[in-house]
Number of protein chains: 2
Amino acid sequence: MTVNTSIYQEFSAELSDIEIITDIDRVTKLSLDYYHFSPILQSQLNDKKANLVVRPTTEADVIRVAKAGVNYKIPLTVRGAGTGNYGQCIPLEAGIILDLSKMNQIKWLKPGIACVEPGVKMAAFDKQAREIGWELRMAPSTYRTATIGGFIGGGSVGMGSMNYGQIKDRGNLHRVRLVTMEEQPQILELTGDDVQQVIHGYGTTGIITELEIPLAPAYPWQEIIVVFDDFMTAAQFGQALSDSAGIVKKLVSIHSAPIPSYFTALQPYLTQGKHCALLMVSEYDVAPLKDLVTEYGGTFTYSKTAAEAAKGTSLLEFTWNHTTLHARNIDPSFTYLQTFYFTLERVEKMYQHFGDEIAIHLEFLKAGGKAVPGGLQLFRFTTEERLQEIIEYHEANGAFIANPHVYTIEDGGDKQIDKDKVAFKQKIDPYGLLNPGKMRGFTL
Amino acid sequence: MTVNTSIYQEFSAELSDIEIITDIDRVTKLSLDYYHFSPILQSQLNDKKANLVVRPTTEADVIRVAKAGVNYKIPLTVRGAGTGNYGQCIPLEAGIILDLSKMNQIKWLKPGIACVEPGVKMAAFDKQAREIGWELRMAPSTYRTATIGGFIGGGSVGMGSMNYGQIKDRGNLHRVRLVTMEEQPQILELTGDDVQQVIHGYGTTGIITELEIPLAPAYPWQEIIVVFDDFMTAAQFGQALSDSAGIVKKLVSIHSAPIPSYFTALQPYLTQGKHCALLMVSEYDVAPLKDLVTEYGGTFTYSKTAAEAAKGTSLLEFTWNHTTLHARNIDPSFTYLQTFYFTLERVEKMYQHFGDEIAIHLEFLKAGGKAVPGGLQLFRFTTEERLQEIIEYHEANGAFIANPHVYTIEDGGDKQIDKDKVAFKQKIDPYGLLNPGKMRGFTL
């Protein structure tokens, strides 16, 4: 798909009352996300860049952009804060980046539920929601800058998944309002199971303009570091804490040595060669947590109340894929995998098999009604062949890899073509203009 | 152990400023609980009765009662509302009933945590706690009258166990204040794992005078009935709902036919020969629940908002052991078992094996980090031999029976002597006066 560049001048002239960015440096920057965590995506996506960026502030403007986009048959790739790691918002076929970060109104906020525009930043939302005792059910480690729409469209799990599972789990998104990419763009409202059409759809299945999201009760979250001599003991502690129904938590993040050494800002609380747990536990439940830590022989080295933690950097920003970020700050050859181990036995098997080659980082989350260890393991990239061998060894041993070295929806976590999503896209994006190339199952 | 009755006159004279009940009818009534659900306990406990009832209002008075009790070597059995079913508060060796229902002050109530006297009624507590957005983590179906101290001392699970597991799970009781049964009664404060000494101790391990309990966020709970054609489909729905991380709930109660026919007040919402689910789900999550019900082919027949439900009888009062109560109102020959099935496969096996002899009633709860089906199966009592056969068949097939037809701690759910509890009792109750006969592991 190629588009005559003069078309962009016409497009821009038509929409001249909307913010349009053409400055090459800014367009280049807004054509990026954090795919560079993967050397493979880095080489594949390196040269991808939009022609221009459009930054609407209203749904009415989104409709005008969509209509013009269809009229000129210009590819359109929606973007929030661009904090993803799969190249979700990289414009493979150039065209327009539709940056929704200025559609950032909280429409309404009630106990238990809120209605937001997609560009609302997650941390900013929580700041307001906590005033009435609520917060987001889950959020990524990029929480400070990430947008709610971006997380729904491009994310899958995060802090809070310990309690609420994956975004796609029934109940975690109540309603979504979409603008279609048709000659006469329509507004659709999806509720119930139909919201699955947009979750983790990378913006290929419509332009989100509004979301109704259920909330979680906002506890004051104590931030805690516990150090362990033995990695598998740390992992078992993580499972035990995750399984402790009487201890309320939202983050259980376990790091094998040498990962803690990459957390520069946390060095006073970590010990060379040891393993650590980074935790967020309800302040009300710190006492029973201490008993559990004692049972597993861990050492508390850091404990901040929610109020204290709010003054500095949250431990969240050392967990999930921020762990990878910190490792890459030390050595840019680090990359990672995303793994559902499902059991600690499998974690141990991989730990022993790969030895020093792979440093295991676990995040516990709820899947199928159980707390299971997920992994974002770190290792130094050597060759694609070796990466493939590592993936295959995990899969042969029953682990499930959500491959972060591919950019299509299907090749990542889904593994198969979602016929419903494809059929939905064919209806609402008949020219295949929305983020082309990301949904492998879609053909014109 | 026998006590010269004249001693009671001296005892009463010493404590004449405390409410003491000697009226035979009232003493008889206050020597009862709901053990009559078991025909075996009924015949064993039928003639057990205290000599008098003491009803203190302060800890200072409790200390005086304990001191006098030890002085005269009178057995002392603590009681709350007497809503248990194991004969927990039946005075096997007569003596004093220490009725703590007048020690009913909420000492303080903060977000996430509260400090109460043992006699605080659970529903009354929640009414106050909900004003600041919180409620009890778990409660029995006798919630309206049951006391918090009674539930901690004599209960184990209930509504809310779906989220918080069992009372004994670490974190569900933060601190307990006890008066010992020594010549010079002491006040002990137990925290951390030490609180296990009093949980499900039937008052054999000290007299609770204060409790610090963690709370749960108070959602508005929608009360819902769903009807199913097939029992195992209803059970599978119960498991799926319990495993749905994105749907917040606190009660998932599944009833095979003909149990629904015993719910007289609910007949308009039930169908002859069909099976039902009684549910409490967050009002914010009713929409995704409906999708789940559709997936399992159930029919919504009843749905009340929390505000509507508050005006009438809560569905809670048809679940847990209230189910047994309703069945016994229809036919007093009904009795029950308490079972951890752990898996639906085992539920199905028992369902098919026992056929019409046993009507299965499931309550889902969290155990070992998973939602598992617990059972309070109903059947008509025939002989002790048949009861024993039923228990043995369940156990032989891997189910765990918490036998409600025995009155000692060990023979019920524990199955083994808890050496720590016994050692603790030996220290704080050297004469074995607290609820004698209930802790099999204790000997003088």
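Order of the sequence lines fixes the chain letters, A, B, ..., with proteins taken first and strands second; residue numbering starts at 1 for each chain.
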(message) Any non-hydrogen side-chain atom of A/Tyr219 less than 4.5 Å from a side-chain atom of B/Pro111?
(response) no

(message) Among B/Gly165, B/Gly368, B/Pro214, which residue has the highest count of heavy-atom pairs closer than 4.5 Å to chain A?
(response) B/Gly368

(message) Heavy-atom pairs under 4.5 Å with chain A - which of B/Ala245, B/Ser282, B/Pro288 has more of them than the others?
(response) B/Ala245

(message) With a 4.5 Å cut-off on side-chain heavy atoms, are A/Arg170 and B/Ser244 touching?
(response) no

(message) Please classify the contact between B/Asn163 and chain A as side chain, backbone, both or neither, with a heavy-atom cut-off of under 4.5 Å.
(response) backbone

(message) Between A/Tyr164 (side chain only) and B/Ile247 (backbone N and O only), is there a donor and an acceptor less than 3.5 Å apart?
(response) no

(request) Among A/Lys370, A/Arg137, A/Lys366, single out the residue with the greatest number of heavy-atom pairs under 4.5 Å to chain B. (result) A/Arg137

(request) Return the option, out of B/Asn172, B/Asp285, B/Leu289, with the maximum number of heavy-atom pairs under 4.5 Å with chain A. (result) B/Asp285

(request) Keeping the roles fixed (side chain from A/Asp169, backbone from B/Gly246), state whether a donor-acceptor pair exists under 3.5 Å. (result) no

(message) Quick check on B/Glu295 against chain A: is it the side chain, the backbone, both or neither that has a heavy atom closer than 4.5 Å?
(response) side chain

(message) Using modelled atom types and a 3.5 Å cut-off, is there a donor and acceptor pairing between side-chain atoms of A/His174 and backbone atoms of B/Tyr284?
(response) yes

(message) Below 4.5 Å, heavy-atom pairs only: which of B/Asp193, B/Asp291, B/Ile167, B/Leu173 has the largest tally toward chain A?
(response) B/Asp291

